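Data first, discussion second: the structure below is written as structure tokens.
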Amino acid sequence: MAAADLGHLPVNRRPIGVFDSGIGGLTVARAIATALPHESIYYVGDTKRCPYGVRTQEEVRTFTLQAGSWLVERGVKIIVIACNTATASALKVAQQTFDVPVIGVIAPGARAAVHTTRTRRVGVLATNLTVESGAYTRAIQDLDAGVRVFGCPASVFVDVVEDALASGDRLNQDWFDDRSVFMTPAVRGLARQVTQPLRGQGVDTVVLGCTHFPLLAAPIHEAMGPDVRIVSSAEETTAELIEILRRREQLAGADALARHRFATTSENITSFAVAGSFIFGKPLRSIEHIELGELEELRA
Ligand code: DGL
């Protein structure tokens, strides 16, 4: 399917651009589509270059600007960087580069954590690069300087999600809703092992600082124990998005019909469609392939 240029539409009818390194950002796109049923989404998943969480900040910055430019060329009215790793490395430069507003997922995730914790001891499960960047610690302590933050690198979880969904053979529409699909002995054991540094720190809240991780909420919760609350940024990010569009008078309006488009750098459209539909909660009807060369010509 050919890429659409929607720049001719009135601004409020243009799509919301959503970007992630792969399919994890569809957890955020799903929250947006649920809260804003009249908005169209244009989603880019850079699946071919996923995972970002073990790359350098320079690389992630370049990839994020490329995907952002691609979306801006298609006329999006705002960009949501639905990837914590890209937010940590590239939110500021993306905001300085593009004419449309750009929001990330770390400030909303930090807000959710600060509002939830009572012990003011918060764990952050994120990719290695996000933890190393210290972005969550800064964002949380900007809101409440008295909160202690314990980062826990967990890039291995990204592979668990991508691999399980890429195989596709056990997929059905109930998966994401009952979340039990990842409650296998192997994943439960891995969750216990990965979260080990967080246990014994007195954290009462763990923020899922990677958009892939809501899929693993059940084994993570089990590993951390029933008294620990697990929060993620999807709903808070959606709330911020709504507030920006409302204030700018750019919400689509109740007579608009949502039309979602999805684009991936992966050659395997079928696998993206199956895994993506499962995470998004609805069939992904319109999926296009982006050649890496096309992205590399943009802001390389
Ligand atoms: N989903 C991305 C995030 O939120 C990371 C996955 C990756 O390592 O590419 O950080």
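Numbering of ligands and ligand atoms starts at 1, following listing order. As the structure is a computational prediction, the values presented were derived from the model and not from experiment. Note that these values count all heavy atoms, side chains included, but never hydrogens, waters or copies made by symmetry.
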Could you list each nitrogen or oxygen of ligand 1 that sits under 3.5 Å from a protein nitrogen or oxygen, with the atom names and the distance?
{"unit_1": "ligand 1", "atom_1": "1 (N)", "unit_2": "Asp20", "atom_2": "OD1", "d": "3.1"}
{"unit_1": "ligand 1", "atom_1": "1 (N)", "unit_2": "Thr211", "atom_2": "OG1", "d": "2.9"}
{"unit_1": "ligand 1", "atom_1": "1 (N)", "unit_2": "His212", "atom_2": "ND1", "d": "2.8"}
{"unit_1": "ligand 1", "atom_1": "4 (O)", "unit_2": "Asn84", "atom_2": "N", "d": "2.8"}
{"unit_1": "ligand 1", "atom_1": "4 (O)", "unit_2": "Asn84", "atom_2": "ND2", "d": "3.1"}
{"unit_1": "ligand 1", "atom_1": "4 (O)", "unit_2": "Thr211", "atom_2": "N", "d": "2.8"}
{"unit_1": "ligand 1", "atom_1": "4 (O)", "unit_2": "Thr211", "atom_2": "OG1", "d": "3.2"}
{"unit_1": "ligand 1", "atom_1": "8 (O)", "unit_2": "Tyr52", "atom_2": "N", "d": "3.2"}
{"unit_1": "ligand 1", "atom_1": "8 (O)", "unit_2": "Gly53", "atom_2": "N", "d": "2.8"}
{"unit_1": "ligand 1", "atom_1": "9 (O)", "unit_2": "Ser21", "atom_2": "OG", "d": "2.6"}
{"unit_1": "ligand 1", "atom_1": "9 (O)", "unit_2": "Tyr52", "atom_2": "N", "d": "2.6"}
{"unit_1": "ligand 1", "atom_1": "10 (O)", "unit_2": "Asn84", "atom_2": "N", "d": "3.3"}
{"unit_1": "ligand 1", "atom_1": "10 (O)", "unit_2": "Thr85", "atom_2": "N", "d": "3.1"}
{"unit_1": "ligand 1", "atom_1": "10 (O)", "unit_2": "Thr85", "atom_2": "OG1", "d": "2.6"}

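- Scanning for side-chain hydrogen bond (donor to acceptor under 3.5 Å, both in side chains) contacts around Arg55 gives Glu59, with sequence neighbours left out.
- Side chains of Asn84 and Tyr136: a donor on one and an acceptor on the other come within 3.5 Å.
- For the residue pair Thr127 and Ser155, no side-chain donor N or O sits within less than 3.5 Å of a side-chain acceptor on the partner.
- Take Tyr43 and apply the ring pair (Phe, Tyr, Trp, His ring centres under 6.0 Å) test, not counting sequence neighbours, and it matches no residue.
- Side chains of Arg61 and Gln57: a donor-acceptor N/O pair is present below 3.5 angstrom, by distance only.
- Residues that satisfy the side-chain hydrogen bond (donor to acceptor under 3.5 Å, both in side chains) test with Arg148, not counting sequence neighbours, are absent from this structure.
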